[in-house]
Amino acid sequence: MDRDTRMRRIWETIQDIPRGTVANYGQVAEIAGIPRGARQVAYALRHAPAGLGLPWHRVIRSSGKSAFDPNSRHFRMQRDRLIEEGVAVINGKVDMKKYRWEPQLDELLWKPSSSWDES
DNA sequence: CCATTGACCGGCT
DNA sequence: TAGCCGGCCAATG
């Protein structure tokens, strides 16, 4: 799988994260068909065209914390957007047990074959 | 080709 | 709970 295909799958997966829920990097990678690709998700997110309008704020670390520096503009934007969606952020942390995206099988299969074939 | 980097992760102290 | 640490893996230098 080449770089563009990987990034495309990652972006598509992130688009699927429902409002009011969050997903961690490793989870996005796995659903995108890239096991152990957490760092690739970070890369794809870093290089995503702004025009895609990805809900990037719904992607956080497995620890429940933002990947950004607490003093950064990104951190505040992420926190504010999550709160606006109804996701509780207590002491900079999200309760993963409660808000983690739990996609059902049919949610993963509605996509076109291009997203689940291998090679 | 080898070394470093990074919006990461999970186990262990 | 908070770090530290080794593992991870594509992109960069």
Side-chain angles (χ1 to χ4, degrees):
Chain A
M1 180 185 343
D2 60 48
R3 184 189 114 116
D4 293 325
T5 301
R6 272 201 311 275
M7 298 225 292
R8 181 172 54 70
R9 289 189 181 184
I10 289 171
W11 291 335
E12 290 176 348
T13 298
I14 292 174
Q15 285 287 8
D16 293 339
I17 304 173
R19 178 188 170 77
T21 72
V22 297
N24 62 51
Y25 293 81
Q27 177 185 10
V28 170
E30 188 150 13
I31 293 174
I34 308 168
R36 299 179 298 291
R39 310 201 84 127
Q40 277 41 251
V41 171
Y43 178 89
L45 223 31
R46 187 129 191 45
H47 296 277
L52 284 182
L54 290 179
W56 58 269
H57 58 285
R58 296 177 191 150
V59 182
I60 63 181
R61 290 181 176 163
S62 61
S63 63
K65 295 191 289 186
S66 168
F68 298 108
D69 182 304
N71 298 307
S72 70
R73 182 172 55 75
H74 280 333
F75 175 89
R76 287 188 289 279
M77 184 177 295
Q78 182 164 44
R79 179 202 51 191
D80 293 345
R81 285 190 178 184
L82 287 176
I83 291 175
E84 187 280 326
E85 296 187 354
V87 175
V89 181
I90 311 301
N91 293 321
K93 290 187 309 182
V94 168
D95 184 339
M96 297 305 278
K97 296 282 195 184
K98 194 170 182 179
Y99 299 99
R100 180 179 147 88
W101 175 34
E102 303 287 3
Q104 298 305 304
L105 193 54
D106 51 314
E107 289 185 63
L108 300 174
L109 296 177
W110 67 272
K111 302 168 88 32
S113 60
S114 59
S115 65
W116 48 258
D117 58 21
E118 290 304 314
S119 105

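Worth saying up front: this structure is predicted, and the values here are computed from it rather than measured. Quick note on labels: first sequence line is chain A, next is B, and so on, each numbered from 1.
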Whether the side chain of [X] engages the backbone of [Y] through a donor-acceptor N/O pair (distance < 3.5 Å, no angle test) should be reported.
{"X": "A/Asp2", "Y": "A/Asp4", "answer": "yes"}
{"X": "A/Gln15", "Y": "A/Leu52", "answer": "yes"}
{"X": "A/Arg81", "Y": "A/His57", "answer": "no"}

Legend entry - Which atom of A/Asn71 lies closest to which atom of A/Arg76, heavy atoms considered: O-NH1, 2.9 Å
Legend entry - Nucleic acid footprint by protein, nucleotides 4-13 of chain B - heavy-atom cut-off 4.0 Å, B for base, S for sugar-phosphate alone: --BBBSS---
Legend entry - Pairwise P distance, C/dG7 and B/dA7 [rounded to whole Å]: 22 Å
Legend entry - Other residues, nucleotides, ligands: >12 heavy atoms within 6.0 Å of A/Glu85 CD: yes
Legend entry - Closest-nucleotide ordering on DNA chain C, the 5'-leading residue of A/Lys93 and A/Arg3: A/Lys93
Legend entry - For A/Tyr99, ring pair (Phe, Tyr, Trp, His ring centres under 6.0 Å) partners two or more places apart: none
Inset, instruction - Could you tell me how the ring of A/Phe68 sits relative to the ring of A/His74: parallel (under 30°), tilted (30 to 60°) or perpendicular (over 60°)? - result: tilted
Legend entry - Ionic contact status for A/Arg8 with A/Glu12, cut-off 4.0 Å: yes
Legend entry - Contact interval (first through last nucleotide) of DNA chain C with protein chain A, 4.0 Å heavy-atom: C/dG7 to C/dT12
